[in-house]
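The structure appears right after this line, and notes come after that.
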Amino acid sequence: MSSLDTRLTVLYDGGCPLCVKEMRQLHRQDRKGQIRFENINAVDFEQRYPQVNVGKANQYLHGQVASGEMLYGLDVTYRAWSLVGRGWMIAPLRWPILRWFADQAYLFFARHRNLISKLLTGKERCAQCSIDD
């Protein structure tokens, strides 16, 4: 897949079991290859994405659209699921009245994702999970 075919690049935490689980689901649904998945923990990530602050990318989900515009948090999630035809599932989280509450809940999740992952999966972190498993 060339970068010209990629409509969205999702920059995710490859050490977070829950994050990787969602990326796996998206990857399976992305039959048109519109999404590129980039692990922010990859050895060469900073060289390939010098414009991205890895510390901030580790705090909340980052994404980049083909134009170069950056998206963050649930905006990335909504765009990704929309590209695979499932945006309707989370569209209400982007509605004006719910958006603020959804963003606050997302930021809480992002801050505590390792603990939440341990509670839900039994694994707090993985050395490097792969979306291709």
Item checked: Exercise: identify the closest heavy-atom pair between Val76 and Gly63 -> CG2-N, 3.4 Å

Next item on the list: Would you indicate whether Phe108, at its atom CZ, is surrounded by more than 12 heavy atoms from other residues, nucleotides or ligands within a distance under 6.0 Å?
Entry: no

Next item on the list: State whether the side chain of His62 and the backbone N or O of Tyr60 hold a donor-acceptor pair below 3.5 Å, judged by distance alone.
Entry: yes

Margin query: Looking at Asp30 and Gly33, would you say the former's side chain and the latter's main chain have a donor-acceptor pair under 3.5 Å?
Written below: yes

Notebook entry, point to check: Do side-chain atoms of Glu124 reach the backbone of Asn114 as a donor and acceptor pair under 3.5 angstrom?
Noted result: no

Next item on the list: Tell me, yes or no, whether the heavy-atom count around Glu46 atom CD, taken from other residues, nucleotides or ligands under 6.0 Å, exceeds 12.
Entry: no

Margin query: Would the distance check show the side chain of Ser117 and the main-chain N or O of Lys123 forming a donor-acceptor pair, the cut-off being under 3.5 Å?
Written below: yes

Check: Gln51 versus Gln64: any side-chain heavy-atom pair under 4.5 Å?
Finding: yes

Next item on the list: Could you check if a side-chain atom of Leu74 sits within less than 4.5 angstrom of a side-chain atom of Ile90, using non-hydrogen atoms only?
Entry: no

Check: What's the shortest heavy-atom distance between Thr121 and Pro17, and which atoms?
Finding: OG1-CB, 4.1 Å

Notebook entry, point to check: What closest approach, in Å, do Gly87 and Ser82 show between heavy atoms, and which atom pair accounts for it?
Noted result: CA-OG, 3.5 Å

Next item on the list: Give the intermediate values and the outcome of side-chain contact (heavy atoms from CB on, under 4.5 Å) for residues Leu8 and Arg36.
Entry: CA-CA 6 Å; Leu8 175 68; Arg36 172 178 285 141; over 6 Å; no

Item checked: Residue pair Val84, Ile35: steps toward the side-chain contact (heavy atoms from CB on, under 4.5 Å) verdict -> CA-CA 9 Å; Val84 300; Ile35 304 171; 4.0 Å; yes

Next item on the list: May I ask you to check whether over 12 heavy atoms, not counting those of Leu115, lie within 6.0 Å of atom CG?
Entry: yes

Next item on the list: Treating Ile, Leu, Val, Met, Phe, Trp and Tyr as nodes and any side-chain heavy-atom pair under 4.5 angstrom as an edge, say whether Leu107 and Leu98 lie in one connected cluster.
Entry: no

Note to self: Using modelled atom types and a 3.5 Å cut-off, is there a donor and acceptor pairing between side-chain atoms of Arg99 and backbone atoms of Pro96?
What the structure shows: no

Notebook entry, point to check: Parallel under 30°, tilted from 30 to 60°, perpendicular over 60°: which one fits the rings of Tyr49 and Phe45?
Noted result: parallel

Margin query: If the threshold is 4.0 Å, N to carboxylate O, is there a salt bridge linking Asp103 and Arg94?
Written below: yes

Next item on the list: Kindly indicate, with the supporting measurements, whether the criterion side-chain contact (heavy atoms from CB on, under 4.5 Å) is fulfilled by Leu61 and Tyr106.
Entry: CA-CA 10 Å; Leu61 189 61; Tyr106 168 78; 3.2 Å; yes

Checklist line | ring pair (Phe, Tyr, Trp, His ring centres under 6.0 Å) pairs, two or more places apart, involving residues 77-105 | finding: none

Next item on the list: Using a strict 4.0 Å threshold on nitrogen-to-oxygen distance, state whether Asp13 and Arg125 make a salt bridge.
Entry: yes

Next item on the list: Show your reasoning for whether side-chain contact (heavy atoms from CB on, under 4.5 Å) applies to Thr77 and Asp75.
Entry: CA-CA 5 Å; Thr77 303; Asp75 289 334; over 6 Å; no

